[in-house]
Amino acid sequence: MCRTSCGDIPINYPFGIDDGCGSPYYKRILVCSPGGQLELRTPSGRYPVRSVSYSDPHIIVSDPFMWNCLDGANFRPTRPFSLDTSTRFSLSSQNDYLFFNCSEDHVIIEPKPIFCERFPDRCDSSCDSASYLCRHLPECASALGGGGGSSCCSYYPKATESLRLMLKYCSSYTSVYWRNIGATPPYDQVPEYGIRVDFDIPVTTRCLQCQDTSKGGGKCGFDTLTQSFLCLCDEGNATTYCNGMLIERTFLFEPKKCLFMCLNSDRY
């Protein structure tokens, strides 16, 4: 059967950490390490998952290569975070990206409100030196020293290539997402380090029927060879739902030791 957690993080549909579990759209994207650490696998590497929300579908991952408060004014080499565009993952608009010590010869570093008023056609290309987050770094407002030796600006890259280009001319970067704390706007969000990745939950009639407790309460999965839908039940895999429907079973017969798949309803 499918594992329902990795460490203290619940694993529910559409995800799965075992073959054939969850939706095929997310197969082998989440990995549970032997130590119980859930990781997201992307083209740029594997990243620790800090939390998963299914009510507001998103996951929060951390990138150990990104700048953090302990680094202060010491900027380590980093790499651009990227997602597989063939999956149903997307970078959330609630992420902000801060870039440090960028070359003014290659990056437009300006206070955005003023710059955008003067040059509206170049607004999206500028890195905002007046960013609130640069002036109030979460958890470590004075980490850069405040002596003018390090610069910070905020920019939202629209593609991995633009992020890669920014890092070519900046010393490092970090991602901050806005976490909803359920308070009254405009004080309902607080900035925290991490990358918010949104995901879709594919909803199908067959999956809903499979999960229906009155029909056996199975788990939605798929055939690892054909990618076709399967309802995973305690007594086998069903093509629809668990109670009273077709159940796939494997039997071993003696003495021929003939191994075959049998489809039937209630006779087995």
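Because only heavy atoms are used, hydrogens play no part in the values below, and waters and symmetry mates are left out as well, while side chains stay in.
In this structure, Ile195 and Tyr177 have side chains that are not in contact, with every pair of non-hydrogen atoms separated by 4.5 Å or more. Ser126 places none of its side-chain heavy atoms less than 4.5 Å from the side chain of Ile109. Contact check for Asp63 versus Thr174: no side-chain heavy atoms found under the 4.5 Å cut-off.
Of the possible donor and acceptor atoms, one in the side chain of Thr42 sits under 3.5 Å from a partner among the backbone N and O of Ser82. At distances below 3.5 Å, at least one donor-acceptor pair connects side-chain atoms of Trp67 with backbone N or O atoms of Gly72.
Every residue two or more places apart in sequence or in another chain that forms a salt bridge (charged side-chain N to carboxylate O under 4.0 Å, His left out) with Arg46 is listed here: Glu39.
Ion pairing between Asp124 and Lys112 fails under the 4.0 Å rule for side-chain N and carboxylate O. The pair Arg41-Asp84 does not meet the salt-bridge criterion, since no charged nitrogen lies less than 4.0 angstrom from a carboxylate oxygen.
For the pair Arg88 and Phe199, the NZ or CZ position fails the cation-pi test of under 6.0 Å to the six-membered ring centre and within 45 degrees of the ring normal.
A single hydrophobic cluster is not seen to contain both Tyr97 and Leu144; linkage of ILVMFWY side chains at heavy-atom distances under 4.5 Å, directly or through other members, places them apart.
Side-chain contact check for Trp178 and Asn95: no donor-acceptor pair (N or O, by modelled atom type) lies under 3.5 Å.
For the cysteine pair Cys242 and Cys210, the distance separating the two SG atoms is not below 2.5 Å. The SG atoms of Cys153 and Cys134 do not lie less than 2.5 Å from each other.
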